[in-house]
Amino acid sequence: VVSWTSLVSLYCKLGKLAEAQQLFAKIPSRDVISWTAMIAGYVHQGCTEEAYALFCKMQQEGVKPDKVTLLSVLGACTNPKALQRGKEIHALITKAGFESDVRLGNALISMYAKCGSIPCARQVFDKMPEKDIISWTAVMNLYCKCGSVLEAHQIFARMPKRDVVAWNAMISGYARLKRGEKALELFHQMERENAVPDSVTFTSALNACASIASLEKGKEIHSQVVKAGFGTYSFVQNALVDMYTKCGKLATARELFDRIVDRDVVTWNAMILGYAQNKQGKEALVLYERMVTEGVKPDRVTFIAVLLACRNEGLMEDRRRYFTSMRQDHGIKPT
RNA sequence: UAGGAUGUGUUCAGGC
């Protein structure tokens, strides 16, 4: 059983779910660990239906889930439609007497957050006998995501300890709501408290600059980014391109864009949108054509950017053409 | 000693 399970896990990690499933089916005497490995594999690949089905089958066959199994299967509840499922798993956790487990508690908070049930998440948090930094950050982020940044900040202020992830969550929470000044204020407070910013911090800080079109702050953070050695991180690069376009500095953005070696769809979108939003629709369309030529697959955001560019230029004919092409050549539907 | 996980980040038009 041991070696079989190891193999299943290995295949799952390689993303070879079909092979893993075949092996799993052949295991002579599957134990709870084998089941968990397979369930976790499905969850990891985003196959939540399969994961949950397997979890049910496991119980039908009389195998009792342990903490690890429950933790893994909670990851299969990622949207409001899965709330009922999540609640059932919650009940199982309670029934098994695992209620006070910190990691299960954290996973429950995160599950309820993803399923959109803030009161349930909060209740789990409040009832946790022991909370760690992850519990605090999870519940804080939940308030950020639903727009209650005030509530989030209160939680942040009450946190017994803060690590870089907690700071990042709070900074990005403000940045997301276009509260750039507040986000940057926190960024500087973070520096004063000698917390070390990472690439996520810088991405959020750049986002904050973009949200208030602050070129001055943006440039300052740009230089910090380079000094800290994050200048080649793709998330950071994309955020830089976006920041410069939002500040109206298209030439600077374009210089950066041209120097980026591994441009992904987000890089292209940011630059195309930059042109489109700055009344340079023609340039946007030229860039779009190049994107397609280079074999980068456009997505929904590209679609929006291209249509915006056409509209701004009054190119109604082209607009129709792109509209059709997007649907037929790229399989993108307007939303 | 075989299996596990939980918190943060980049691009988003218009309409309603």
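Below, chains carry the letters A, B, ... as their sequence lines are ordered, and counting in each starts from 1.
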Practice item. Just jot down the ring-ring contact (aromatic ring centres under 6.0 Å, His included) partners of A:Y322, sequence neighbours excluded, or say none. Key: A:Y288

Point to revise | Ring centres under 6.0 angstrom apart (A:W136, A:F125) | key: yes

Exercise for review: Give A:D132 one of three labels, base, sugar-phosphate or nothing, depending on what nucleic acid heavy atoms sit under 4.0 Å from its own.
Suggested key: nothing

**Study point:** Interatomic spacing from CG in A:L17 to CD in A:Q45 - rounded to 0.5 Å
**Key:** 4.5 Å

Check your understanding: Got a sec, which residues hit ring-ring contact (aromatic ring centres under 6.0 Å, His included) with A:Y143, two or more places apart in sequence or on another chain?
Key -> none

**Study point:** A:K13 side chain, from C-beta outward: closest of B:rG3, B:rU6, B:rA2
**Key:** B:rG3

Check your understanding: Any side-chain N or O of A:K114 less than 4.0 Å from the OP1 or OP2 oxygen of B:rG7?
Key -> yes

Exercise for review: Decide yes or no for A:P65 and A:V73: does some side-chain heavy atom of the first lie under 4.5 Å from some side-chain heavy atom of the second?
Suggested key: no

Check your understanding: With a 3.5 Å cut-off and just heavy-atom distances, do the side chain of A:S9 and the base of B:rG3 make a donor-acceptor pair?
Key -> no

Check your understanding: For residues 185-213 of chain A, which residues have at least one heavy atom under 4.0 Å from RNA chain B?
Key -> A:S199, A:V200, A:T203, A:S204, A:N207

Check your understanding: Would you say a side-chain N or O of A:K246 is under 4.0 Å from OP1 or OP2 of B:rC12?
Key -> yes

**Study point:** Closest to the A:I134 side chain, choosing from B:rU11, B:rU6, B:rA13
**Key:** B:rU6

Practice item. Give the nucleotide from the list B:rU6, B:rU8, B:rG14 with an atom nearest to the side chain of A:R311. Key: B:rG14

Practice item. Flag the pair A:R320 and A:E317 as a salt bridge only when some basic side-chain nitrogen lies within less than 4.0 angstrom of an acidic carboxylate oxygen. Key: yes

**Study point:** Base B:rG3 paired with A:T5 side chain (donor-acceptor, <3.5 Å)
**Key:** no

Point to revise | Of the listed nucleotides B:rC12, B:rG7, B:rG14, the one nearest the side chain of A:R300 | key: B:rC12

Exercise for review: Classify the side chain of A:D66 versus the base of B:rG4 as yes if they form a donor-acceptor pair under 3.5 Å and no if they do not.
Suggested key: no

Check your understanding: What is the nucleic acid contact for A:D163, judged by heavy atoms within less than 4.0 Å: base, sugar-phosphate only, or nothing?
Key -> base

Review point. Taking OP1 and OP2 of B:rU10, is either one under 4.0 Å from a side-chain nitrogen or oxygen of A:R176?
Key: no

Review point. A:K145 side chain N/O closer than 4.0 Å to the phosphate oxygens (OP1, OP2) of B:rG9?
Key: yes

Check your understanding: Quick one: which of B:rA13, B:rU10, B:rG3 gets closest to the side chain of A:A37?
Key -> B:rG3

Check your understanding: If you look at every strand shown and take non-hydrogen atoms under 4.0 Å, does A:V32 touch a base, only sugar-phosphate, or nothing?
Key -> base

Point to revise | Ring centres under 6.0 angstrom apart (A:Y244, A:H222) | key: yes

